[in-house]
Structures are given as structure tokens and as C-alpha cells.
Number of protein chains: 2
Amino acid sequence: MDPHLLRTYVTVARLASFSEAARELGYTQSAVSQQIAALEQDLGAPLLTRRPVAPTQAGERLLEHAGPLLLRLDAARADVARMATAPEHGLTLVSAPTALGPYVLAALPPTGVTLRVLARDEIPAAVATGAAEVGLVDGLAAPSDPLRLPDVAPLSTYGVGEEPVCALLPATHPLARRARLRLGDLADARWLDAPDTGLPLAQLRAANGGRGFRPSLRYDGTDVRTLTALAAAGQGLTLLPRSAATGVPGAVAVPVTEPRLVHRTELVYAGSLSGAAARLAEAVSRS
Amino acid sequence: MDPHLLRTYVTVARLASFSEAARELGYTQSAVSQQIAALEQDLGAPLLTRRPVAPTQAGERLLEHAGPLLLRLDAARADVARMATAPEHGLTLVSAPTALGPYVLAALPPTGVTLRVLARDEIPAAVATGAAEVGLVDGLAAPSDPLRLPDVAPLSTYGVGEEPVCALLPATHPLARRARLRLGDLADARWLDAPDTGLPLAQLRAANGGRGFRPSLRYDGTDVRTLTALAAAGQGLTLLPRSAATGVPGAVAVPVTEPRLVHRTELVYAGSLSGAAARLAEAVSRS
DNA sequence: AGGATTCCATCAGTACTGCTTATCGAGCAT
DNA sequence: ATGCTCGATAAGCAGTACTGATGGAATCCT
């Protein structure tokens with residue numbers, strides 16, 4: 001199971017074509033054909049139907065494995081390579097949209113930082129593969145509980161802060177006047193389904209016993225202002241850290257106090273922090 | 001980064017010898033030397049110091065990646081191979097010691113099952129690599145929350161039951177007469193450190209806000225009776241599902257009601273259940 | 001201290017793997 | 001029927017990866 005073969009296999013499966021995959025990978029069609037044949041022989045099972053080119057049942061399983069496998073492989077390579085090359089001067093920081101809370105903003109050095117905002121579940125991969133030195137992830141957790149991160153690679157985490165979580169309600173919402181809410185009060189409402197920007201509905205459902213939280217509009221994107229505007233316009237509810245939920249025109253942020261959940265932000269990095277990254281972490285922990 | 005090279009690298013690192021590794025892998029010493037050289041050149045960093053043979057800093061990082069990487073590789077191969085070969089008639093079931101609760105015991109078919117008990121964190125790997133068709137894991141969780149499993153491979157889980165958790169106290173313990181306990185009441189006591197058999201202390205500590213739960217004796221093993229005997233003898237406290245904690249001579253099982261935690265058991269399997277495994281799962285879910 | 005031994009690196013030779021080019025046959029559209 | 005596209009196959013060649021032999025450095029054992 002050469003990673004090389006695996007890579008061609010996923011390319012062929014994605015493009016549903018041997019010739020296209022060959023072009024993309026810089027091989028001849030013949031080479032791709034032989035590589036797939038070799039992989040199938042190695043694993044002892046046909047992976048693709050030809051004409052049309054589509055994964056078999058066994059091939060589907062392999063595809064599920066291939067992604068994480070190749071990711072980890074890249075992560076390992078990046079991690080080792082990082083030890084060999086001299087640390088750069090700039091610092092690249094990737095963050096989930098709502099993870100960039102006040103604690104971090106205040107601690108950023110005046111210059112030399114490149115910031116990129118990604119969907120939450122892309123953060124660990126970006127840090128692991130060396131696309132960024134440091135990542136910021138956030139999520140819902142019981143107070144002082146660590147976040148549940150997908151383990152794509154041996155990453156270290158470091159809690160930077162916790163905030164109350166608020167439901168963002170349109171000003172006209174019947175519960176908008178309340179000083180605080182239980183999550184169960186809102187289970188039957190329609191919720192914005194914004195896995196990249198906000199918090200995954202499945203997580204809310206789990207926190208509430210597995211029911212409710214029917215989705216309304218789905219938003220794929222990483223802009224929090226769009227999300228808050230949607231919520232203010234009554235398109236659906238959403239849960240945000242207090243700092244992100246306050247000051248939205250036409251909407252009210254009401255703290256959710258039951259169950260006892262907080263919005264937690266963690267810094268993730270591979271190996272040990274050095275240089276600018278270490279200074280950032282130290283600045284964050286001081287604040 | 002050929003997995004082949006990775007495998008020789010971890011062998012060399014483990015045995016701290018090129019020649020030994022060559023013998024174990026069935027290569028000549030020369031081949032191993034060349035393989036390591038190739039890997040070092042590929043990654044652009046020295047991985048081992050020679051004489052004595054020990055991993056460098058970069059090599060240490062690679063070792064951390066190599067384990068999960070090779071495990072996933074095995075898992076992928078086993079998963080695909082499973083689709084190709086006819087399903088066997090026997091059923092192999094691996095279980096964590098305390099995961100074999102009454103719900104499962106009642107559902108086992110009268111014949112044809114091989115049962116093996118492993119430490120909790122070996123279960124997912126055993127299922128992923130095809131050593132067993134079905135695994136049973138358990139752990140502490142909020143009611144109806146799923147367990148946190150290490151994701152060594154794309155595995156499916158399926159909740160089979162939840163039980164109250166009990167602290168197992170020697171009959172002479174001052175709190176043994178109580179009808180129920182808070183976890184905080186026991187934070188300052190000495191606890192048996194039995195990560196394989198019982199529940200990891202770190203998890204209790206996290207549930208209680210990160211403090212307390214100092215270890216007493218450490219027990220590495222998978223025999224629950226030994227664990228309960230240790231607890232009854234006053235060697236330290238331990239937390240168990242009610243069914244495992246009751247009926248221990250000289251000890252009392254007191255339910256822990258705060259925080260609201262349950263002992264949850266889940267069935268894990270790779271792909272889809274078929275044959276005897278599916279029948280077992282169905283029998284468990286009916287009970 | 002000196003010789004034997006162990007251990008890893010290196011070199012030369014060889015078998016084999018993995019690519020390219022060329023060709024073929026099957027399905028599809030015109 | 002006739003191109004045309006797509007994947008499989010055959011032959012040839014270059015580079016890879018192994019074995020076996022040799023060399024130099026460190027260690028062990030008188």
C-alpha cells in the first residue's frame with residue numbers, strides 16, 4: 001500500500017477517469033492503469049468498476065481511509081521537516097471564525113502575523129501539515145473541559161479562554177427580553193445550520209439529549225457578520241460566544257445558563273512552540 | 001515516505017540497532033542502512049544518531065507519527081480485505097473489562113463466539129485491524145452523550161446501554177453508609193490507578209474540575225475481580241458501573257449522583273455489521 | 001595495550017520494479 | 001458502418017532496492 005498508489009487511486013475515484021487522473025498527476029494513462037491494477041492486486045479486491053469508473057464497495061471503504069491517511073502522512077512529513085529548517089520570522093495563524101476572541105486580539109504583536117480564517121474542522125489539519133504554526137479552535141464544552149478535536153496528528157493544545165455562550169435572537173423574538181435562557185427553551189425553534197461559522201447543530205442536539213434543533217437556512221461560509229445578520233433577520237437562531245453576539249443591530253444576545261456550557265477557545269500547535277508563536281502564546285496567557 | 005521505510009525505521013529505533021532490526025525484518029544489515037539513509041534524505045533531516053543508535057529530535061517526532069500512521073494503514077488494508085473475503089462463521093468479540101455488562105451477556109448466542117478482554121484503548125485498534133469483528137468499549141459520559149474514542153480508523157459506534165456509576169468503598173470507609181455521593185466528596189481520597197481495568201483518573205479529575213484524585217496503587221491488568229479486591233482491602237477507591245461494583249465481599253457500592261455521569265457502553269465495528277455480528281447487535285438492542 | 005569483535009557505512013553487482021511508448025479491443029456517438 | 005474515446009496490455013528501458021563483500025570506528029576482553 002504505497003501512499004503513491006493511494007494518491008492516484010483517490011484521484012481516479014474523484015475524477016471518475018483514468019486518463020483525467022493521469023493528466024492531473026503527470027503520468028501516462030498506462031501508468032495509472034498499472035498503478036490501480038497493482039493496488040487491487042495488493043489488496044486482493046477490485047476497487048473500481050470500469051466503464052463507468054466508480055468505486056466498488058471495497059473501494060468506498062478505502063476512500064474513507066485514504067483521506068485521513070494521506071493527511072497524517074503529510075502531517076508527519078511537515079512535522080519532521082519543520083525541525084530541520086530554520087524557524088521563519090513571520091507567524092501564520094489560522095483561526096475558526098468565532099475563535100478570535102478578545103483575549104487573542106489584544107495579544108497579537110503589531111507586525112509580522114498572517115491571519116487566515118478557516119472552518120473549524122480544517123484548523124487541526126492546517127496546523128498539522130504546516131500551513132500555519134498556530135491555530136485557534138473554539139467550541140462548546142463543559143467549564144474547564146478540553147475541546148474534542150479530531151486527532152489528525154499528535155497536536156498539543158492550550159486553553160486560552162472561556163466565555164459565556166449566548167443565543168442570538170431577533171429583537172422581536174418572544175424570548176428576547178429574558179435575562180437568561182435554558183437551551184431546552186429553544187430546542188423547538190428553527191436554527192441556522194452553519195457548521196463552519198457557528199456551532200454544529202449536532203453538538204447542541206447532543207447537549208440537549210439528542211432532540212430538537214431543526215435546521216432552517218444553511219450557511220456555508222466563515223463570515224460571522226453574515227451569520228449575525230441572518231439571525232437578526234429572523235432566518236434562524238444561532239449560538240455564539242458573548243463577545244461575538246453583542247452589538248448586533250436588530251438582535252439580542254441572551255446568555256444560555258442551562259446546561260452549564262461555555263464557549264472555549266484553544267490554541268493548537270505541533271511539536272513545541274518557538275519564536276513568534278511562543279511569544280504569542282505567552283502574551284495570550286498573560287492577558 | 002514509503003510505509004516500508006517507516007516500518008524499518010520504527011524497528012531500528014525500538015531495537016536501537018541496525019543489525020538487530022535487519023535480522024527481525026529479514027533484510028541484510030546493508031539494506032536497513034540504505035533504507036534509513038533513504039528516509040533521512042527524503043525527509044531532509046537526520047533521524048538517528050549512530051553509535052549509540054538513538055532517535056534525534058526530528059526522529060522522536062517521526063516516531064510519534066509512525067505508530068498511528070502504521071495502525072491506520074493496517075486498518076485500511078484489513079477493512080478492504082474484509083469486503084473481499086467471505087464472512088466467517090465464528091464471531092470474535094473484544095471487550096474492555098467493565099464493558100461486558102448484563103445487556104451484552106444476555107444477548108450472546110449460545111455458541112460460536114470468541115471473547116477476548118483487552119485494555120480499553122486497545123479495543124478500537126483491534127476492531128480496526130480486523131482482529132475482532134465487534135468491540136465493546138465503556139467509559140464515563142454525560143447521559144446520552146457518546147463516548148470519546150480515539151479515532152484510529154473510520155469506525156461506527158452504537159450505544160448498547162447506560163448504567164449508574166458507583167464508587168466502591170471498603171465497608172469500613174466513613175462514607176460507606178451513604179445512600180449516594182458526590183464525586184467531589186471523594187476527590188481528596190486515594191484512588192486506584194487502573195487505566196486498563198477501571199476508569200482513567202485523568203477523566204475523573206476533568207469531571208471534577210481538574211483537581212484531586214491522587215493515585216495510590218497502580219494496577220496494570222484487565223481482571224476486575226483483582227481490582228475490586230484491592231478496593232475492598234482499602235488499597236484505594238475505584239469507580240465502576242453498578243453491575244460490576246455490587247456483591248463485592250467487604251466493600252460497598254455507593255452511587256455517584258453528582259455530577260450527572262453514567263457508565264456508558266458502546267459497540268464498535270468497522271463498516272457494516274453482517275452475519276453473527278449483526279445478530280448480536282440486534283439481540284443487544286432488543287434487550 | 002593489543003587483538004578480537006561488533007557495528008554501521010559504502011561499494012559493486014544484479015534482479016526487479018515502475019515508468020513510457022505503442023497497440024489493441026470495447027463501448028459510444030455521429 | 002466509422003471514427004472517437006477510454007481503459008487494458010505488451011514490450012522496452014531506466015532507475016530502484018536488494019545482496020554480498022569490504023572498510024573504518026568503537027568496544028570488549030583478556
Side-chain angles (χ1 to χ4, degrees), chain A residues 1-60 62-63 66 69-70 73 76-77 80 84, chain B residues 1-60 62-63 66 69-70 73 76-77 80 84:
Chain A
M1 275 240 290
D2 193 340
H4 209 90
L5 301 186
L6 222 52
R7 215 150 232 150
T8 32
Y9 170 68
V10 301
T11 310
V12 171
R14 174 166 51 85
L15 300 174
S17 158
F18 283 52
S19 332
E20 277 295 313
R23 220 160 299 147
E24 179 169 320
L25 296 169
Y27 287 121
T28 56
Q29 173 266 316
S30 170
V32 170
S33 182
Q34 289 177 54
Q35 287 186 19
I36 299 297
L39 192 59
E40 288 182 325
Q41 185 154 29
D42 178 27
L43 296 177
L47 299 172
L48 293 168
T49 63
R50 326 293 150 105
R51 220 175 300 271
V53 174
T56 63
Q57 212 172 348
E60 290 281 7
L62 183 60
L63 278 179
L69 208 45
L70 294 174
L73 219 52
R77 149 162 275 117
V80 173
Chain B
M1 275 241 291
D2 192 341
H4 209 91
L5 301 186
L6 219 55
R7 215 151 232 149
T8 39
Y9 170 68
V10 302
T11 309
V12 171
R14 175 166 50 86
L15 300 174
S17 157
F18 283 51
S19 333
E20 278 293 313
R23 219 160 300 146
E24 180 168 320
L25 297 169
Y27 288 121
T28 57
Q29 174 266 316
S30 170
V32 170
S33 182
Q34 290 176 54
Q35 287 185 19
I36 299 296
L39 192 60
E40 288 182 325
Q41 182 152 29
D42 178 26
L43 296 177
L47 298 172
L48 293 167
T49 63
R50 324 296 150 103
R51 221 175 300 271
V53 174
T56 63
Q57 212 171 350
E60 291 280 7
L62 184 60
L63 277 179
L69 208 45
L70 294 174
L73 220 51
R77 150 163 273 121
V80 173

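No experiment lies behind these values; they were computed from the predicted model shown. Lettering of chains follows the sequences in order, A, B, ..., and the numbering in each one begins at 1.
- B/Thr49 contributes a side-chain N or O that, together with a main-chain N or O of B/Ala54, makes up a donor-acceptor pair within less than 3.5 Å.
- For residues 29-48 of chain B, no pair satisfies ring pair (Phe, Tyr, Trp, His ring centres under 6.0 Å), with sequence neighbours left out.
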In a table with atom names and distances, give each donor-acceptor pair under 3.5 Å that connects a side chain of residues 7-16 of chain B to protein atoms at least two apart or in another chain.
unit_1: B/Arg7; atom_1: NH2; unit_2: B/Asp74; atom_2: OD1; d: 3.0
unit_1: B/Arg7; atom_1: NH2; unit_2: B/Asp74; atom_2: OD2; d: 3.3
unit_1: B/Thr8; atom_1: OG1; unit_2: B/His4; atom_2: O; d: 3.2
unit_1: B/Thr8; atom_1: OG1; unit_2: B/Leu5; atom_2: O; d: 2.7
unit_1: B/Thr8; atom_1: OG1; unit_2: B/Gln35; atom_2: OE1; d: 2.8
unit_1: B/Tyr9; atom_1: OH; unit_2: B/Gly59; atom_2: O; d: 3.0
unit_1: B/Thr11; atom_1: OG1; unit_2: B/Arg7; atom_2: O; d: 2.7
unit_1: B/Arg14; atom_1: NH2; unit_2: B/Glu24; atom_2: OE2; d: 2.7

Per-residue pairing states of DNA chain D in dot-bracket (Watson-Crick or G-U under 3.5 Å; . unpaired, | other strand) read ||||||||||||||||||||||||||||||
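- Legend: residues meeting side-chain hydrogen bond (donor to acceptor under 3.5 Å, both in side chains) with A/Glu20, ordered by chain and number and at least two apart, are A/Arg23.
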Contacts under 3.5 Å, N or O only, protein and nucleotides 14-20 of chain C:
unit_1: C/dC19; atom_1: OP1; unit_2: A/Gln35; atom_2: NE2; d: 3.1
unit_1: C/dT20; atom_1: OP2; unit_2: A/Thr28; atom_2: N; d: 3.1
unit_1: C/dT20; atom_1: OP2; unit_2: A/Thr28; atom_2: OG1; d: 2.7
unit_1: C/dT20; atom_1: O4; unit_2: A/Gln34; atom_2: NE2; d: 3.0

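- Remark: A/Ser33 engages no residue in a side-chain hydrogen bond (donor to acceptor under 3.5 Å, both in side chains) (not counting sequence neighbours).
- When heavy atoms are screened at a 4.0 angstrom cut-off, A/Val32 is found touching no nucleic acid atom at all.
- The nearest pair of heavy atoms linking B/Pro3 to A/Met1 is CG-O, 3.6 Å.
- Partners of B/Gln34 under the side-chain hydrogen bond (donor to acceptor under 3.5 Å, both in side chains) rule, at least two apart in sequence or in another chain, are B/Ser30.
- To the nearest 0.5 angstrom, B/Leu47 atom CG is 12.5 Å from B/Gln57 atom CD.
- A heavy atom closer than 4.0 Å to some atom of DNA chain C occurs in B/Ser17, B/Phe18, B/Ser19, these being the qualifying members of residues 14-21 of chain B.
- Atom CZ in A/Arg50 sits about 9 Å away from atom C1' in D/dA8, given to the nearest Å.
- Atom-to-atom, CG of B/Leu25 to C1' of D/dT19 comes out at 16 Å; the value is rounded to the nearest Å.
- When side chains are defined from C-beta on, B/Leu62 counts as touching B/Leu6, because their heavy atoms get closer than 4.5 Å.
- In this structure, B/Ser33 does not reach the C/dC8 phosphate: none of its side-chain N or O atoms is under 4.0 Å from OP1 or OP2.
- Within the structure, salt bridge (Lys or Arg N to Asp or Glu O under 4.0 Å) pairs that include any residue of residues 31-47 of chain B comprise A/Arg77-B/Asp42, B/Glu40-B/Arg50 (at least two apart or interchain).
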